[in-house]
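Numbering of residues begins at 1 and proceeds along the displayed sequence.
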Amino acid sequence: MESSNPWFLDSVKITSSTGFTHSTHPEHAMLSPSMVGVKPSFDPVKVTKRTSGSSSSTCPTLRLQKGAMKVKSVKKRVKTQPHKMSINSRQITPMEDVMLEQDSRKIQKSSNVEETSSQVLRKYPNFKKFDIVEDYSDHHYKGANSETIQPPRNWSKKIEKEWRILEKNLPDTIFVRVYESRMDLLRAVIIGAEGTPYHNGLFFFDVFFPSNYPYVPPKVYYHSGGLRINPNLYEEGKVCLSLLNTWIGDKNENWTPGVSTMLQVLVSIQGLILNAKPYFNEPGFADSSGSDYGENQSILYNERTLIYSLKTMVYTMKNPPKYFEDLVIGHFRDCGVGILTRCRGYVNGVGVGCGEEKGSRGFGKNVEKYMGTLVGGFKEIGVENVDEFVPQTRNLAQKIRDFFGI
C-alpha cells in the first residue's frame, strides 16, 4: 500500500434520486451529464447520511461585490503552465508518532475555543453549508495566480454557475467556502460517513480553478497533516481521482468540459474515496474483495486508518482552517462523547464499521494508547464528561497478563 504508483477506486456505486451512477473504476460509467444542471430534487441522503448536530441556513443571493476578481478580455491567447503542486515536508506537522505521545495540554486554543459554551453552541447549528468569505491567506493555492494571468471573459460566469449548483445541492455533510476577491479558490470540508473508518472525521480540501476552467478540471489539494489515510489521498496532498484527470480512466470517467461539475468532485471524494473499505481502492487488491484473505486485509487496513482518523481529529482541533473554526469546535463538541464511546468499544474488541467483524488484538491496544490524547483534545474545546474514558494505568503484572492473554 505504500507504492508510489497511482491508485484508483474500486467499483463502488452511488445512486441518487436523479438516477445517476458513478465510479472511477474503468468498468463503470462516471456521473451522468444530468448533474450539470442539478435541480433541488437532488437527494444527497442517498449519497451520505446526515450527521446530527449540523444544520445550515440559506446563503444570500450570489453576486460579485466590490473588490472581486475582475475579468478582462484579451486579444491573444495566453499560454499558461499547469500549476505544479509542491509542498515542503518540513512545513507539515507529522502525526505518525508525535501525536501518540503528544501532551494534549499543549494544544493551542484559537479565539473560538476560548469563547463561552453558549456562544459556540449558538453559532454551530447556524453554520452555513455555503458562504462567501474574504481572507484566503491560509489557502494552499493562494499564490497560484502570481503571474496575474487574466482568464477568458466568460470564466467568471462559469464559476458563478458552480457556486449556484453548490449552494442549492450540497449534502448535509459537505460544507464549502468561496472567496469574494479570489473566485479561483474554494475550500470544502467533508464529514466522514457512518460505517466507515472515517466516521465523524473532518477532511479538508483546497480547490483551484485554472484560467482555462472548465476545459480542464479543478486542482484539488487534501490537507493530510502528513498521514496517508487512503490509497487515493497522498501525504503530499494529491487526490487521485479519474474525474480530476489524476488517474487514467476511460474517456467517460474523466473530466468532461461543460458536463462535469465541482459538486460531482466533492460527492465522488465522499462516496468513492472515503468509503467503508478503502483497502480495495487499490486495483491490485480489488480482485481479492470477497475472499477470506482480502477481507482480512481490509479489516487490518481499516484499523490502521481508524487510528489515523483519530489523529486527524486532534490535528484539526489544533489547527482549524480559517472560517471553519465554529464548525470544527461545534462538531467535535457535539460528537466527542460518541466518538469516545466507539473507541471504548474498539478497546473491548469491536471491529471498525457496521459489520459484525471483531477487531484484532493489537488494534484495541493501539486505540487505548491514543485515547488519553483524544480525551485531552476534546477537553480543550469544552467537551464535558470525558474523564471516564481515560484509560487507567496498568501495573507490570497486568501488562504481563495482557501480553500472554491470561
Side-chain angles (χ1 to χ4, degrees), residues 1-14 22-28 47-49 95-96 173-174 189-205 220-244 246-247 249 253 265-313 315-316 339 342 346 350-355 357 359-360 363 366-367:
M1 296 300 294
E2 299 303 328
S3 171
S4 60
N5 294 331
W7 306 70
F8 76 124
L9 302 168
D10 65 344
S11 54
V12 179
K13 296 183 179 179
I14 300 176
H22 63 111
S23 169
T24 54
H25 192 286
E27 297 179 358
H28 297 287
V47 177
T48 180
K49 188 175 294 184
M95 296 183 292
E96 180 70 35
T173 49
I174 299 180
V189 59
I190 297 175
I191 301 177
E194 183 179 356
T196 73
Y198 311 103
H199 186 191
N200 278 338
L202 296 178
F203 304 95
F204 284 88
F205 299 84
V220 181
Y221 171 86
Y222 167 60
H223 287 270
S224 71
L227 287 182
R228 183 74 177 274
I229 66 167
N230 188 284
N232 302 83
L233 302 176
Y234 289 72
E235 297 96 324
E236 66 270 21
K238 178 181 178 181
V239 178
C240 195
L241 188 67
S242 295
L243 189 57
L244 295 175
T246 50
W247 172 258
E253 295 175 346
V265 172
L266 295 176
V267 172
S268 295
I269 293 174
Q270 183 181 55
L272 298 177
I273 294 182
L274 300 174
N275 59 44
K277 295 183 178 182
Y279 173 79
F280 298 116
N281 285 8
E282 201 278 314
F285 301 148
D287 291 339
S288 65
S289 178
S291 68
D292 291 341
Y293 173 81
E295 295 301 324
N296 182 62
Q297 291 300 309
S298 177
I299 291 173
L300 295 177
Y301 187 88
N302 274 5
E303 291 177 350
R304 188 188 73 171
T305 300
L306 188 280
I307 298 293
Y308 287 178
S309 184
L310 297 179
K311 292 181 179 183
T312 301
M313 292 179 187
Y315 177 81
T316 303
I339 293 170
R342 289 199 305 276
Y346 301 142
V350 176
V352 179
C354 298
E357 299 88 353
S360 66
F363 170 59
N366 288 334
V367 173

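Contact of the Leu241 side chain with the Ile269 side chain is registered, since non-hydrogen atoms from C-beta on lie closer than 4.5 Å. Using a 4.5 Å heavy-atom threshold, the side chains of Ile307 and Val367 count as touching. Within the 4.5 Å cutoff, the side chain of Pro231 has no heavy atoms near those of the Phe280 side chain. With a 4.5 Å cut-off on side-chain heavy atoms, Thr246 and Asn232 do not count as touching. Side-chain contact between Ile273 and Tyr198 is absent, with no heavy-atom pair separated by less than 4.5 Å. Residues Pro197 and Tyr308 are not in side-chain contact: their nearest non-hydrogen atoms beyond the backbone lie 4.5 Å or more apart. Within the 4.5 Å cutoff, the side chain of Asn200 has heavy atoms near those of the Arg342 side chain. No side-chain heavy atom of Arg228 sits under 4.5 Å from any side-chain heavy atom of Ser224.
Ring-plane geometry between Tyr346 and Phe363 is classed as tilted, the angle between the planes lying from 30 to 60 degrees on a 0 to 90 degree scale.
Interatomic distance, Arg304 CZ to Leu227 CG, rounded to the nearest 0.5 Å: 9.5 Å.
Residues Leu274 and Leu233 share a closest heavy-atom pair of CD2-CD1, 4.0 Å. Scanning all heavy atoms of the two residues, the minimum distance from Leu243 to Ser268 falls at CD2-OG, 3.9 Å. Taking both residues in full, the closest heavy atoms of Pro278 and Asn230 are given as CB-ND2, 3.4 Å, listed atom of the first, atom of the second, then distance. Contact record, Leu310 with Ile339: CD2-CG2, 4.2 Å, taken as the closest heavy-atom pair. Across all non-hydrogen atoms, the minimal contact from Ile174 to Ile190 is CG1-CG1, 4.1 Å. The two residues Cys240 and Tyr234 come nearest to each other via the heavy atoms CB-CE1, 4.1 Å.
For Tyr222, there are no side-chain hydrogen bond (donor to acceptor under 3.5 Å, both in side chains) partners two or more places apart in sequence or in a different chain. The side-chain hydrogen bond (donor to acceptor under 3.5 Å, both in side chains) search around Ser289 returns none, not counting sequence neighbours.
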Contacts table for residues 292-300: side-chain donor-acceptor under 3.5 angstrom, sequence neighbours left out:
from, atom 1, to, atom 2, distance (Å)
Glu295, OE1, Lys277, NZ, 2.8
Glu295, OE2, Gly290, N, 2.7

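The main-chain N or O of Thr305 is never found under 3.5 Å from a side-chain atom of Ser309 such that the two would form a donor-acceptor pair.
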